[in-house]
Amino acid sequence: MTGVPASAAGGSSSARRAGPRGTSGAAQEPVGRTNPGSAVERVAAERAATDRDTTDRGAADQGTTDQETTGRGSAERGSTEGGAAGRGGKIAAAAVNQASVWNVANLLTMLRLLLVPAFVALMLGNGGYDPAWRSFAWAAFAIAMITDLFDGHLARTYNLVTDFGKIADPIADKAIMGAALICLSALGDLPWWVTAVILGRELGITVLRFVVIRYGVIPASRGGKLKTLTQGIAVGMYVLALTGPLATLRFWVMAAAVVLTVATGLDYVKQAIVLRRRGIAERRAALKETEA
């Protein structure tokens, strides 16, 4: 029993001690070691993800670039088309404005202007005292006065107001009335002072309107319309070769026309003064507010 060598016993003891350590190391080795196949797969997955991200970003950038390019192209085409449409609209508007001069209201005004020399020729025909020629002259004067009532109404009702009409209409009115008054006074049928009062008032009010137009517009009054109607009737009765009671009646109608002419003229002067004062006061107030 005591014959067992010590080295053998020690070897056995070492073997018993090394056995557990070796077994533990062998058992722990798979835990700390990396599997080469798994590492390769992870690297491949990461590369694939990176490639997908790069592809997605490139596609997104390309899409944004395409959208911007398309948007700029559309905007440029829209601007070009809009500019062309704008130019076309201006050309069309200019054509409409040019064509609108030849509307019914302006044609009636032109007719009145053409009737002025015709009226003078008929009025003075055959010495100026022929009843037949005076009747034709009265017809021309009546047509001119009637068209004066219609052209303004048509222009306002159907929106046919033009710059030509604004200038030509009052000229035609005063031209036919002035021609009739001057012819009657030249023939001795009407005192010159009556012609001077009526024409002086008409010209004076026209000038007054232009003077105060920067402050506002003097509206036409009912008295002014009644004055125009009375003047037309009175002058028409004087153009006709009337005798007897009608000749007396035309005198009183002309007297009423002269009174209305003076009264409405003074009313226009009053309105012009008030309009001018109001305009000056408003300008001064606006200037003070600007300075403040």
Using every non-hydrogen atom in the two residues, find where [X] and [Y] come nearest and quote the distance to one decimal.
X: Leu181; Y: Ile198; result: CD1-CG2, 3.6 Å
X: Ala272; Y: Leu208; result: CB-CD2, 3.6 Å
X: Ala179; Y: Val116; result: CB-CG1, 4.2 Å
X: Val104; Y: Leu154; result: CG1-CD1, 3.8 Å
X: Leu199; Y: Gly178; result: CD2-CA, 3.6 Å
X: Trp192; Y: Ala186; result: CZ2-N, 3.7 Å

Would you mind reporting whether Leu184 and Met123 have side-chain heavy atoms less than 4.5 Å apart?
yes
Do the side chains of Val239 and Val235 get nearer than 4.5 Å, heavy atoms only?
yes
side-chain contact (heavy atoms from CB on, under 4.5 Å) filter on Val253, not counting sequence neighbours, yields Thr230, Ile233, Ala234, Met237, Leu249
Who pairs with Leu203 by side-chain contact (heavy atoms from CB on, under 4.5 Å), at least two apart in sequence or on another chain?
none
Inter- and intrachain pairs under salt bridge (charged side-chain N to carboxylate O under 4.0 Å, His left out), touching residues 177-203, at least two apart:
Arg134-Asp189, Glu202-Lys227
Qualifying salt bridge (charged side-chain N to carboxylate O under 4.0 Å, His left out) pairs with a residue from residues 263-276, counting only residues at least two apart or across chains
none
Any chance you could lay out the side-chain hydrogen bond (donor to acceptor under 3.5 Å, both in side chains) test for Thr162 and Asn106, step after step, and finish with the verdict?
CA-CA 8 Å; Thr162 61; Asn106 287 344; 2.9 Å; yes
Please answer whether the main-chain N or O of Ile182 pairs with a side-chain N or O of Ser185 as donor and acceptor at a distance below 3.5 Å.
no
Would you list the pairs meeting side chain to side chain donor-acceptor pair (under 3.5 Å) in which at least one residue belongs to residues 114-127, sequence neighbours left out?
Asn126-Asp130
Pair listing, side chain to side chain donor-acceptor pair (under 3.5 Å) test, anchored in residues 110-122, at least two apart:
Arg112-Asp151, Arg112-Asp169, Arg112-Asp173
Hphob cluster co-occupancy, [X] + [Y], side-chain heavy atoms under 4.5 angstrom:
X: Met145; Y: Leu229; value: yes
X: Val212; Y: Val207; value: yes
X: Phe164; Y: Phe210; value: no
X: Val262; Y: Val194; value: yes
X: Leu226; Y: Met254; value: no

How long is the straight-line distance from [atom2] of [Y] back to [atom1] of [X], given to the nearest 0.5 Å?
X: Arg283; Y: Arg214; atom1: CZ; atom2: CZ; result: 6.0 Å
X: Thr228; Y: Gln231; atom1: OG1; atom2: CD; result: 6.0 Å
X: Tyr238; Y: Cys183; atom1: OH; atom2: SG; result: 15.5 Å
X: Leu190; Y: Phe251; atom1: CG; atom2: CZ; result: 10.5 Å
X: Tyr129; Y: Leu187; atom1: OH; atom2: CG; result: 4.5 Å
X: Met177; Y: Phe119; atom1: CE; atom2: CZ; result: 9.5 Å

Hydrophobic clusters join Ile, Leu, Val, Met, Phe, Trp and Tyr when side-chain heavy atoms are under 4.5 Å apart, directly or via other members; which others share one with [X]?
X: Phe136; result: Leu122, Trp133
X: Leu113; result: Ile167, Ile171
X: Leu115; result: Leu111, Ile143

Residue Phe150 excluded, over 12 heavy atoms near CZ under 6.0 Å
no
Which residues pass the side-chain hydrogen bond (donor to acceptor under 3.5 Å, both in side chains) test with [X], sequence neighbours left out?
X: Thr147; answer: none
X: Arg209; answer: Tyr268
X: Tyr215; answer: none

